[in-house]
Number of protein chains: 2
Amino acid sequence: MALGKDYAHQQCSIARALEVVGERWTLLVVRDAFYGVRRYNDFLVHLGAPRAVLAARLQALVEAGVLDRRRYQESPPRDEYVLTERGLALWPVLRSLGAWGRAEVPGAVPVRHFHHADCGTELGSYGECPACRVPVPPADVEMRPGAGLDRDPVDPVGRALLRPRRLLVPVVPVVREDTPERGNS
Amino acid sequence: MALGKDYAHQQCSIARALEVVGERWTLLVVRDAFYGVRRYNDFLVHLGAPRAVLAARLQALVEAGVLDRRRYQESPPRDEYVLTERGLALWPVLRSLGAWGRAEVPGAVPVRHFHHADCGTELGSYGECPACRVPVPPADVEMRPGAGLDRDPVDPVGRALLRPRRLLVPVVPVVREDTPERGNS
DNA sequence: CATTCAAGGTTCGGTGAACGAACCGAGCTG
DNA sequence: CAGCTCGGTTCGTTCACCGAACCTTGAATG
C-alpha cells in the first residue's frame, strides 16, 4: 500500500485516491494503459519496472477495479489488462499531471501532444477542447509526438508510440530490424 | 526520489511530474498547504508523517520550487512554507485526484466540498465552476465540511479545518479545552 | 541564572518495499 | 524434443520509511 493504515485515517478523498494509485509505478502503468498497452510484457519493456513490482501493481489495479484482466486468446492462454470505466475516469488526473509536468518542471521539452480528434485542437490543461469547449473523453484524444520525444527508443512499444495515434487503441509493438509494417526509420 | 534514474529515462511529462510530487506524503503535504497549513509542526500533527520524512519532503518541495520557505518572525527565528506559483498550479491535480477518490473509490463518503466563493456553486470534477463556466483559482475556492468528516479530530489543525474556510488562508490551530488564540505575540 | 518549554528539526536501529537477476512452467515451433 | 516466448515467481541485496529518542535555539518562568 502506498500508506496503508496511515492514509486510512486521513479524512480526505485525495488520500483515498492515493491509496489506490499513489504507489510507485502505478500511475505510469495506468498511463501506458491509456496509450494502448495491454500486455504484461509490453508494460515491462516500456516501463522498465521490476517484474515482481509490475505483477503486483497489475494485480492491485485489477482488485481496485481500475483494470480488467481478460482472456484474449486460448492457446496458449493469454490475458490482457484493459481500463475499466473507473480506470478511464483517471484521465483528468493524468492529463493535469502531465500538463503540470510540462509547464512547471524546468527543462521539460514537450514530449507528446494531445489533440481533440474531432477538430484537431490541442487540449487544454484540464483535458478540455478549447475550441469545442467540452471535456474530451480519452477515446476521442489523438496523441502526437513532440519535439522532446526520443526518435529511436530501444523498446518496441516505445517505437510503436512514435506515430500519431488514438488513445486506448491497442499497441502493436514494432521490432527494429525487419517488419517496418507502416513505420519510419 | 520517487523513481530516480528510472523515471528520468521516461519520455513523459507525467513521469517528470511524479519525480517531483510522486513520493509518499508529498501530495498530502501540498494538499495541506492549499488548506492553509504553513508550519512544520502543523503539517506534522495533521499528516501524522514521520518527522524525518516530513523534513525531507518540505526541503525537496522547496528545492523543486513548489514551496517557498520564508521567515515570518525573527525572535525566535521561525520559517513557514507557502505555495509558489508553481505549487498553486498543482491545484488541478489535487482537484482531479480528490474527485476521482470520491467518485470511484468504494465506500467514500464526501469529506469536504469545494465551492466557488463568488457564487457558492460546488466545483465540477475539473475544478471549474459549472455556473460561471470558468476554472476557479484556488484563492477563490471555499472549502466546506462534508458528511464524512470526523467531527472531533485529535489534532488542533484538523479542528481548525472543521469550519468553512477559503483555501490558502493560513490555518490557526484550535486547541481543545479553551484558549481561543494561540500564544502568538 | 538555572529550569522548563516549544518549535523545528537530526539521529538511529528496525522493518518493509523495491530492485534486478535468476529461475520456472505452460505451450507453441522448428 | 530442444529451444523459444510469455507471464510470471523466488531470492538476496539495497534502499526508503517508520517511530522513538535526542538535539539546538531562543523565550518564558521561578
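Just so it is clear: chains get the letters A, B, ... in the order the sequence lines come, proteins before strands, and each one is counted from 1.
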Applying a strict under-4.5 Å side-chain criterion to I, L, V, M, F, W and Y, I'd like to know whether B/Ile14 and A/Phe114 cluster together.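 Cluster IDs for B/Ile14 and A/Phe114 match.
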Base, sugar-phosphate alone, or nothing: which one does B/Phe43 contact when heavy atoms must sit under 4.0 Å apart?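 It contacts nothing in the nucleic acid.
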By nearest atom, which of the nucleotides D/dG7, D/dC18, C/dT10 is closest to the B/Tyr40 side chain?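 For B/Tyr40, the side-chain atoms sit closest to C/dT10.
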Look at the rings of B/Phe34 and B/Trp91 and say which category their plane angle falls in: under 30° parallel, 30 to 60° tilted, over 60° perpendicular.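 It falls in the tilted class, 30° to 60°.
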Which sits closer to the 5' end of DNA chain D, A/Tyr72 or B/Pro50, going by the nucleotide each is nearest to?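 Upstream on the strand: A/Tyr72.
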Between B/Asp79 (CG) and C/dG9 (P), how many Å, whole number?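 After rounding, the reported distance stands at 7 Å.
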With respect to the phosphate group of C/dG9, does any side-chain polar atom (N or O) of B/Arg69 fall under 4.0 Å of OP1 or OP2?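 Indeed, a polar side-chain atom of B/Arg69 lies that close.
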Rounded distance (Å) that lies between atom P of C/dA17 and atom CH2 of A/Trp25: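 Spelled out: CH2 on A/Trp25 to P on C/dA17 is 18 Å.
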Tell me: CZ of B/Arg71 to C1' of C/dA7, nearest whole Å?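 Value for this atom pair: 12 Å.
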In whole Å, I'd like the distance from the CG atom of A/Leu54 to the P atom of C/dC19.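 Atom CG in A/Leu54 sits about 11 Å away from atom P in C/dC19.
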How close or far is atom C1' of D/dG7 from atom CG of A/Leu58, stated in whole angstroms?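 Checked: the CG to C1' distance equals 11 Å.
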Round to the nearest Å and state the distance from B/Arg57 atom CZ to C/dG9 atom P.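 Answer to the nearest Å: 15 Å.
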Rounding to a whole Å, what distance do you find between B/Leu47:CG and D/dC18:P?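 From B/Leu47 CG to D/dC18 P: 11 Å.
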Just the rounded figure in Å: distance from C1' of C/dG8 to CZ of B/Arg39.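 Rounded to whole Å, this separation is 11 Å.
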Side-chain heavy atoms nearer than 4.5 Å, only ILVMFWY residues, links allowed to pass through others: does that put B/Val82 and B/Leu67 together?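 B/Val82 and B/Leu67: separate clusters.
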Report yes if at least one side-chain N or O of A/Asn41 is closer than 4.0 Å to OP1 or OP2 of D/dC6; otherwise report no.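 Checking D/dC6 against A/Asn41, a side-chain N or O does come within under 4.0 Å of OP1 or OP2.
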Establish whether the base of C/dG20 is bridged to the side chain of A/Arg51 by a donor-acceptor pair shorter than 3.5 Å.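 Between C/dG20 and A/Arg51, which were checked side chain against base, a qualifying N/O pair under 3.5 Å is absent.
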Mind checking A/Ala55 for me? I need base, sugar-phosphate or nothing, with any heavy atom below 4.0 Å counting as a touch.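 Answer is sugar-phosphate: A/Ala55 comes under 4.0 Å of backbone atoms only.
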5'-most by nearest nucleotide on DNA chain C - A/Ala52 or A/Glu74: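 Nearest nucleotide further toward 5': that of A/Ala52.
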Are B/Leu58 and B/Val20 linked, directly or through other ILVMFWY residues, by side chains that come within less than 4.5 angstrom of each other?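 Looking at the clustering, B/Val20 is in the same group as B/Leu58.
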Phosphate contact (C/dG8 OP1 or OP2) by B/Tyr81 side-chain N/O below 4.0 Å: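 False: B/Tyr81 side-chain N/O out of range (4.0 Å or more) of C/dG8 OP1/OP2.
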Indicate the atoms forming the closest heavy-atom contact of B/Cys129 with B/Thr121, along with that distance.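 Nearest heavy atoms, B/Cys129 then B/Thr121: SG-CB, 3.9 Å.
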If you only use heavy atoms from C-beta on, which nucleotide in C/dA6, C/dC19, C/dC28 is closest to the side chain of B/Arg78?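 Of the options given, the side chain of B/Arg78 lies nearest C/dA6.
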